[in-house]
Amino acid sequence: MESPVCTEAAGADLPFDVFARACPSRETLEHVTGRWGSLTVGALREGPCRFNELRRRVDGVSEKMLSQTLHALERDGIVHREAQPTNPPRVDYELTTLGREVADRLLALIHFLEGNMDQVMASRGAYDAERGGR
């Protein structure tokens, strides 16, 4: 069975299908589930953050990657950016209603994985031992 083509250009009134190459939902999925996107969304679930607070919370992310990630998530309507008219300027980031729902689902997966890491680590060890190390 062929997956429906989902493109803005086609103007088709089809449901979004992330498995269709041209579907815009695929890009949003990448933004949310990529390494920095998922960690950023998860970190913002704890509440609004300033850029540097968020950078410290998402250990290992570069300033450039965090900035790109926040822009993509803001464009998708997952993150809201609010610039305060202060000197120096203050910018806060927080999840939108959609973003909170996405974060809840992501955090459920994250907590599930964290709770099952003993099994994952045992599987990795068995796999590596079977193949003569990594």
Side-chain angles (χ1 to χ4, degrees):
M1 178 153 95
E2 205 171 303
S3 183
V5 177
C6 175
T7 65
E8 294 175 271
D13 193 18
L14 296 174
F16 291 101
D17 179 4
V18 76
F19 295 101
R21 179 181 0 184
C23 187
S25 64
R26 186 179 283 193
E27 183 179 16
T28 301
L29 181 67
E30 289 172 11
H31 294 159
V32 169
T33 61
R35 177 187 342 176
W36 304 122
S38 59
L39 294 173
T40 300
V41 169
L44 284 171
R45 188 61 179 106
E46 297 170 5
C49 282
R50 294 176 73 178
F51 186 87
N52 285 325
E53 292 172 321
L54 195 52
R55 189 164 170 226
R56 283 190 295 275
R57 176 71 176 114
V58 182
D59 191 25
V61 68
S62 70
E63 189 171 319
K64 178 182 176 182
M65 283 309 304
L66 181 57
S67 180
Q68 289 176 353
T69 298
L70 287 166
H71 285 291
L73 293 171
E74 183 181 7
R75 182 172 182 248
D76 289 337
I78 294 166
V79 168
H80 173 73
R81 177 185 183 275
E82 185 169 340
Q84 304 290 331
T86 60
N87 193 7
R90 176 188 170 117
V91 179
D92 292 305
Y93 296 91
E94 65 181 320
L95 295 174
T96 62
T97 301
L98 174 63
R100 284 190 296 278
E101 187 170 340
V102 168
D104 290 344
R105 292 167 189 250
L106 273 174
L107 287 170
L109 175 60
I110 288 168
H111 294 144
F112 173 81
L113 290 172
E114 289 172 338
N116 287 282
M117 281 311 294
D118 288 341
Q119 182 179 344
V120 171
M121 297 305 290
S123 294
R124 286 182 184 178
Y127 180 94
D128 292 347
E130 188 176 298
R131 285 160 180 78
R134 214 174 152 187

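Computation of the quantities below employed the complete heavy-atom set of this structure, encompassing side-chain atoms and omitting hydrogens, waters and symmetry-equivalent molecules.
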[atom1] of [X] to [atom2] of [Y]: how many Å apart, nearest 0.5 Å?
X     : Y      : atom1 : atom2 : result
Arg50 : Tyr93  : CZ    : OH    : 11.0 Å
Leu54 : Thr40  : CG    : OG1   : 5.5 Å
Gln68 : His71  : CD    : NE2   : 8.5 Å
Arg45 : Asp104 : CZ    : CG    : 4.0 Å
Leu95 : Glu101 : CG    : CD    : 12.0 Å
Arg75 : Glu27  : CZ    : CD    : 5.5 Å

Taking the side chain as every heavy atom from C-beta outward, state whether [X] and [Y] have any atom pair closer than 4.5 Å.
X      : Y      : value
Val61  : Leu39  : no
Gln84  : Asp92  : yes
Phe51  : Val91  : no
Ile110 : Leu107 : yes

Side-chain donor-acceptor pairs of residues 30-37 under 3.5 Å, sequence neighbours excluded:
{"unit_1": "His31", "atom_1": "ND1", "unit_2": "Asp76", "atom_2": "OD2", "d": "2.5"}
{"unit_1": "Thr33", "atom_1": "OG1", "unit_2": "Leu29", "atom_2": "O", "d": "2.6"}

(request) Give the minimum heavy-atom separation between Gly77 and Thr96, together with the two atoms involved. (result) O-OG1, 2.6 Å
(message) If I compare all heavy atoms of Ala43 with all of Arg57, which pair ends up nearest, and what's the gap?
(response) CB-CG, 3.5 Å
Are [X] and [Y] joined in one hydrophobic group, where the rule is that I, L, V, M, F, W and Y side chains link up if heavy atoms are under 4.5 Å apart?
X      : Y      : result
Val18  : Ile78  : no
Leu106 : Leu98  : yes
Leu109 : Val102 : no

(request) Examine distances only and state if a side-chain atom of Gln119 and a backbone atom of Asn116 form a donor-acceptor pair shorter than 3.5 Å. (result) no
(message) Quick check on Arg26: does its CZ atom have over 12 non-hydrogen neighbours (other residues, nucleotides or ligands) under 6.0 Å away?
(response) yes
